[in-house]
Amino acid sequence: MRTTFSALAAFILATLALADPPKVLHATPDNADIGVDPALAAITIQFDQDMEPHGYSLCGGGPSFPEITGKITWSNARTIVVPVKLVAGKTYNLSVNCPAAQNFKNPRGESAAVYPISFLTRMPGDQPPLITEDAAKSALETLRKAIDERYSYRDVRHVDWDDVFKRLGPAVEAARTPGEVGRAVARLLAPAGDMHIVVHVGPFTLASHFTNVRFNLDFSRLPKLIAGWNMPNHRIATGTYDGIPYLLIADWMGSAADYAPAIDWLKANASAPAIIVDARANSGGDELIARTIASHLVARTAVYAKNKTRDPDSPGGWTQVFDREIEPAKDATPFAGKIAVLMGKGCMSSNESFLLMLRRGGAHAMLIGETSYGGSGNPRLIDLRCGVTVLLPSWFDMLPDGTPLEGRGVQPDMTVEWKPGDSDPILEAAASRLKSGK
């Protein structure tokens with residue numbers, strides 16, 4: 001029996017090892033390539049395993065999508081060839097699979113991971129940018145020093161950085177173009193699992209980590225659920241839900257003028273007994289903008305968060321802990337009614353600070369929904385001096401009691417699980433709670 005069990009276990013493990021969904025190993029041209037020869041007649045994409053040859057999804061469109069000039073063919077079971085016509089000095093964008101189309105599949109029917117490909121063709125007479133071996137080695141040394149001395153979350157997820165650089169560093173040293181360096185650096189930094197680490201190669205951005213966050217709202221249904229739905233711009237929406245004034249703030253990434261409609265709405269509803277502020281789709285941006293909105297809702301000055309910054313010139317490699325405060329707006333009366341603030345995993349970074357401002361600043365606010373993502377970085381630029389830069393988180397964000405925010409998030413006062421459907425359970429719970437008088 002022991003032999004039979006061992007054989008069965010080995011078979012199961014081998015099957016599981018082969019069951020990983022396919023992914024792109026390499027493309028020509030590849031993502032973030034600069035100085036691509038416009039005479040190139042085909043885009044070649046190679047996968048890490050055999051693929052089903054009867055389907056594919058090359059996503060994209062418009063003027064930046066490459067002109068396909070002939071039949072798309074598979075040169076072997078893992079490599080697809082796309083005949084194209086390119087022009088000089090142009091940026092092209094496409095994607096292997098995308099959320100709306102997943103037809104690159106293996107024979108088991110598993111869709112390939114989404115893989116973006118953006119590249120820039122060179123002008124006539126220009127030469128592709130090349131990187132020397134010494135420059136590539138220097139880039140790796142600069143990155144290692146930055147991880148050790150500048151990266152604020154270096155030890156949060158217990159990454160063995162010595163092992164990471166030993167395994168993945170040689171690919172950086174072997175790179176001979178900015179695109180190759182950028183892709184190798186992004187792969188090296190991926191074990192950090194940090195959404196705030198971003199690699200730039202010229203005009204292109206490479207994420208080192210994809211969050212795959214499930215937002216706990218259906219934005220397409222909101223106009224049907226919110227009476228008088230109005231969007232003065234793409235960051236702000238207003239209306240009423242079950243007779244309660246409703247405000248959605250989609251992000252904190254705009255200019256101050258973008259949020260003027262929100263401030264006007266708050267002033268217009270200053271005497272309302274209750275309001276709903278929907279922050280579920282907000283993944284952050286400028287914390288000062290978030291503070292401006294929160295200042296119209298809080299009743300007192302309060303510390304809502306703390307942070308310290310990585311600095312090799314400071315004792316112990318860190319600055320002193322800094323208290324971040326919210327205070328009421330000087331030109332407005334704080335909102336006296338009750339506030340239901342809708343939140344979830346899509347709430348990140350400066351939007352998590354917004355949640356804490358309302359919680360700590362004496363606003364009559366209840367946070368309703370699911371725990372926030374738990375990620376903040378205040379990234380600083382690290383120049384690898386080969387056409388590649390890295391944005392690396394520099395501060396260590398904390399709750400007012402000193403508890404790290406990274407990887408933990410903000411807990412709601414009332415947990416409501418999101419279940420997609422014709423209704424919105426979090427909106428329903430917020431309205432019920434506000435009308436209950438509790």
Side-chain angles (χ1 to χ4, degrees), residues 152 235-236 245 247 249 251-279 282 284-309 318-343 347-369 371-372 374-378 394-406 408-414 434 438:
S152 55
R235 305 186 194 281
I236 304 296
L247 169 67
I249 304 176
D251 62 47
W252 302 114
M253 298 180 187
S255 66
D258 292 331
Y259 302 93
I263 293 175
D264 291 342
W265 183 91
L266 289 171
K267 290 179 178 178
N269 289 280
S271 60
I275 60 173
I276 296 172
V277 177
D278 196 341
N282 191 322
D286 188 341
E287 186 163 319
L288 295 181
I289 295 288
R291 198 181 297 173
T292 298
I293 299 298
S295 70
H296 287 76
L297 298 170
V298 301
R300 62 172 182 263
T301 299
V303 173
Y304 64 86
K306 299 174 181 285
N307 66 270
K308 58 182 179 179
T309 300
W318 294 91
T319 64
Q320 293 182 339
V321 174
F322 176 74
D323 291 341
R324 306 205 303 279
E325 292 187 342
I326 180 67
E327 60 182 23
K330 294 180 173 59
D331 60 345
T333 301
F335 183 74
K338 294 182 178 180
I339 309 169
V341 185
L342 313 188
M343 60 179 288
C347 298
M348 306 177 191
S349 197
S350 57
N351 194 41
E352 292 177 295
S353 296
F354 176 71
L355 301 175
L356 294 170
M357 293 173 199
L358 300 187
R359 170 171 283 173
R360 301 288 296 187
H364 303 289
M366 171 168 282
L367 308 185
I368 300 175
T371 302
S372 68
S376 182
N378 194 19
S394 64
W395 77 0
F396 195 92
D397 201 11
M398 296 172 277
L399 302 177
D401 64 1
T403 302
L405 178 67
E406 187 75 15
R408 298 171 185 250
V410 179
Q411 299 291 324
D413 300 309
M414 178 181 178
L434 291 174
K438 296 180 181 179

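- For Arg359, the salt bridge (Lys or Arg N to Asp or Glu O under 4.0 Å) partners are Asp413, not counting sequence neighbours.
- Nearest heavy atoms, Phe354 versus Ala290: CD1-O, 3.7 Å.
- Using a distance-only test at 3.5 Å, with no hydrogens or angles considered, no donor-acceptor pair links the side chain of Ser372 to the main chain of Gly409.
- Using a 4.5 Å cut-off on side-chain heavy atoms (C-beta onward), Pro245 and Ile276 make no contact.
- When the side-chain contact (heavy atoms from CB on, under 4.5 Å) test is applied to Ser255, the partners found at least two apart in sequence or on another chain are Ala257, Asp258.
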| query | For Trp252 and Ile293, what are the C-alpha separation, side-chain angles and deciding distance, and is it a side chain to side chain contact (heavy atoms under 4.5 Å, CB included)? | reply | CA-CA 10 Å; Trp252 302 114; Ile293 299 298; 3.5 Å; yes

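- The only member of Ser349, Ser376, Ser353 that meets side-chain hydrogen bond (donor to acceptor under 3.5 Å, both in side chains) when paired with Glu287 is Ser353.
- Using a 4.5 Å heavy-atom cutoff, the side chains of Lys338 and Met366 are not in contact.
- To the nearest 0.5 Å, the span separating CZ on Arg291 from CD on Glu327 amounts to 8.5 Å.
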| task | Given side chain to side chain contact (heavy atoms under 4.5 Å, CB included), test Val341 with Ile368 step by step and report yes or no. | result | CA-CA 6 Å; Val341 185; Ile368 300 175; over 6 Å; no

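- Contact annotation: the side chain of Phe335 approaches that of Ile275 to within less than 4.5 Å [non-hydrogen atoms, C-beta and beyond].
- Within the model, atoms CD of Gln411 and CG of Leu355 stand 11.5 Å from one another, a figure rounded to the nearest 0.5 Å.
- Met343 CE to Asn282 CG: the interatomic distance, rounded to the nearest 0.5 Å, is 12.0 Å.
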| query | What do the steps show when you test Leu358 against Ile326 for side chain to side chain contact (heavy atoms under 4.5 Å, CB included), and what is the final call? | reply | CA-CA 9 Å; Leu358 300 187; Ile326 180 67; over 6 Å; no

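- For the pair Ile249/Tyr259, a side-chain contact is recorded, criterion being any heavy-atom separation below 4.5 Å from C-beta on.
- Among Val303, Leu356, Asn307, the single residue meeting the side chain to side chain contact (heavy atoms under 4.5 Å, CB included) criterion with Arg324 is Asn307.
- The nearest pair of heavy atoms linking Ala302 to Gly361 is CB-CA, 4.2 Å.
- Of the possible donor and acceptor atoms, one in the side chain of Asn269 sits under 3.5 Å from a partner among the backbone N and O of Trp265.
- Residues Ile339 and Ala363 come closest through the heavy atom pair CD1-CB, 4.1 Å.
- Taking the salt bridge (Lys or Arg N to Asp or Glu O under 4.0 Å) definition, one finds that Lys308 meets it with nothing, sequence neighbours left out.
- Under the rule for a side-chain contact (heavy atoms from CB on, under 4.5 Å), the partners of Arg408 that lie at least two apart in sequence or sit in another chain are Thr403, Pro404.
- Here Ile236 contributes atom CD1 and Leu247 contributes atom CG; the two are 6.0 Å apart, rounded to the nearest 0.5 Å.
- Pairing each heavy atom of Cys347 with each of Ala279, the nearest pair is SG-O, 3.1 Å.
- Considering NE2 of His364 and CG of Leu434, their distance stands at 13.0 Å, rounded to 0.5 Å.
- With Ser152 contributing its side chain and Trp395 its backbone, the two residues share a donor-acceptor pair below 3.5 Å.
- Residue pairs satisfying the salt bridge (Lys or Arg N to Asp or Glu O under 4.0 Å) criterion with at least one member in residues 259-276, sequence neighbours excluded, are absent.
- Asn378 meets the side-chain hydrogen bond (donor to acceptor under 3.5 Å, both in side chains) test with no other residue; sequence neighbours excluded.
- Closest non-hydrogen pair, Ser350 versus Asp286, comes out as OG-N, 4.0 Å.
- When all heavy atoms of Gly362 and Ala299 are compared, the pair lying nearest together is O-CB, 3.6 Å.
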| task | Go through Glu406 and Phe396 one step at a time and tell me if the side chain to side chain contact (heavy atoms under 4.5 Å, CB included) criterion holds. | result | CA-CA 8 Å; Glu406 187 75 15; Phe396 195 92; 5.9 Å; no

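- One finds the CG atom of Asp323 at 10.5 Å from the OH atom of Tyr304 (value rounded to the nearest 0.5 Å).
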